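Let me begin by presenting the structure, written as structure tokens, before commenting on it.
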Amino acid sequence: MKKIVVTGGSRGIGAAIVRRFAENGDMVAFIYKNAVDMAKELCCEYKNVYAVEADVSTPGDASAAAKKAVEILGGCDVLVNNAGIAQSKLIVDITDEDFKKMMDTNLTAAFCCSREVIPEFLKTHSGVIINIASMWGEVGASMEVHYSASKAALIGMTKAMAKELGYSGIRVNCVSPGMIDTDMNSCYDEEIVKSIVDEIPLSRIGAPKDVANAVFFLSSEDASYITGQVLSVNGGMVI
Ligand code: NDP
């Protein structure tokens, strides 16, 4: 039984990750901000799941929430930095506040939570960090300059952490989803979704579970020689 901390676990991909580990019998503490009802539902559904409310876009709060999650579980074996936001805007319309919020949520929170759990990992010379990036961090997306930049930086941070922490027995990888069926994409109408699907070799958008399965694999002993990598889960949309 492992101890797993997941940021942004109340909905979408994060909730699927929480379920994947909970159904395996692991103990999971997840961090969420607004979705109180969904967080409560998950905790009622699984007796091995705990919720911590915090806004991870505030660095001090992200660190404190990760610390609390580790305290609840009595340790930590795996950290999944999943909490994230997206925004579609022309670069000239992106405000300083938009840019900062994007970086604080998608990048700085992952840094803060990682920094908080690493001393826990050092105690056992083991531990796994998985950062949820995006195919747009790999190739860039028009009208998502700040989102793409935050995810590209997350990939860079993953590689640097893998190099630094490998000697301490800690593995750090990214899962990089393509188009996944969550609230984040609810702004797209049927026609746009169809045009996106036309560009996906596997001819469907992904399910949150597709990403959760990749995270589960990377956290497992089956991936014990994998670090510093970006595992793309995108149906072949970006190769
Ligand atoms: P959702 O919008 O469905 O869920 C986002 C989750 O992050 C929620 O649990 C939300 O909590 C949490 N969250 C957001 N901001 C904060 C914050 N400031 N503090 C704490 N929690 C926060 O997104 P997805 O599930 O689609 O995305 C999950 C991750 O996957 C993100 O990092 C995203 O960039 C990435 N991704 C998603 C893709 C997709 O197509 N869906 C594609 C590529 C990458 P709450 O609701 O409680 O506020």
Side-chain angles (χ1 to χ4, degrees), residues 5-20 28-43 49 51-66 68-69 79-88 97 100-110 112-113 130-141 144 146-155 157-158 174-188 192-193 196-197 199-200 204-212 214-215 230-235 237-238:
V5 174
V6 181
T7 70
S10 52
R11 295 183 288 121
I13 291 169
I17 294 168
V18 169
R19 287 176 190 284
R20 184 70 183 82
V28 188
F30 71 87
I31 299 166
Y32 73 101
K33 189 174 77 164
N34 293 318
V36 184
D37 290 346
M38 297 176 105
K40 275 190 190 154
E41 248 175 63
L42 270 175
C43 295
V49 169
V52 176
E53 191 210 322
D55 180 351
V56 297
S57 70
T58 304
D61 292 358
S63 301
K68 190 168 173 194
L79 168 67
V80 185
N81 287 307
N82 163 79
I85 54 168
Q87 188 181 44
S88 187
E97 290 71 31
K100 185 175 184 308
K101 189 174 177 207
M102 189 66 73
M103 290 296 165
D104 285 347
T105 311
N106 293 2
L107 179 65
T108 312
C112 291
C113 292
I130 299 164
N131 295 321
I132 306 301
S134 162
M135 65 180 167
W136 301 135
E138 297 177 70
V139 296
E144 295 196 57
H146 51 346
Y147 181 76
S148 301
S150 71
K151 294 298 186 175
L154 191 59
I155 291 171
M157 187 170 84
T158 300
C174 274
V175 170
S176 180
M179 172 91 169
I180 308 296
D181 186 15
T182 70
D183 296 341
M184 193 171 267
N185 293 317
S186 57
C187 51
Y188 298 124
I192 293 179
V193 172
I196 294 170
V197 169
E199 288 180 48
I200 302 175
R204 66 170 175 90
I205 64 168
K209 203 174 173 184
D210 294 318
V211 181
V215 169
V230 180
L231 175 53
S232 299
V233 180
N234 63 31
M237 189 169 173
V238 164

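Keep in mind the model is a prediction, meaning the values are calculated, not measured. As the structure lists them, so they are numbered: ligands from 1, and atoms in each ligand from 1.
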Taking distance alone, with N or O pairs closer than 3.5 Å, would you say [X] contacts ligand 1?
| X | answer |
| --- | --- |
| S134 | no |
| M179 | no |
| P177 | no |
| S10 | yes |

**Study point:** Expected output: side-chain S176 to main-chain M135 donor-acceptor under 3.5 Å
**Key:**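 Side chain of S176 to backbone of M135: a pair is present.
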Exercise for review: Please round to the nearest 0.5 Å and tell me the distance separating atom OG of S63 and atom NZ of K68.
Suggested key: 14.5 Å
Can you tell which part of [X] has a heavy atom less than 4.0 Å from ligand 1: side chain, backbone, both or neither?
| X | result |
| --- | --- |
| T182 | side chain |
| A54 | backbone |
| K151 | side chain |
| A109 | neither |

Point to revise | Residue N34 vicinity, atoms of ligand 1 by number, heavy atom under 4.0 Å | key: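 What qualifies from ligand 1 is 45 (P), 47 (O), 48 (O).
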Non-hydrogen atom of [X] closer than 4.0 Å to ligand 1:
| X | result |
| --- | --- |
| A62 | no |
| G178 | yes |
| Y147 | yes |

Point to revise | Pick from N82, I31, D104: the one approaching atom 31 (C) of ligand 1 most closely through a non-hydrogen atom | key: N82
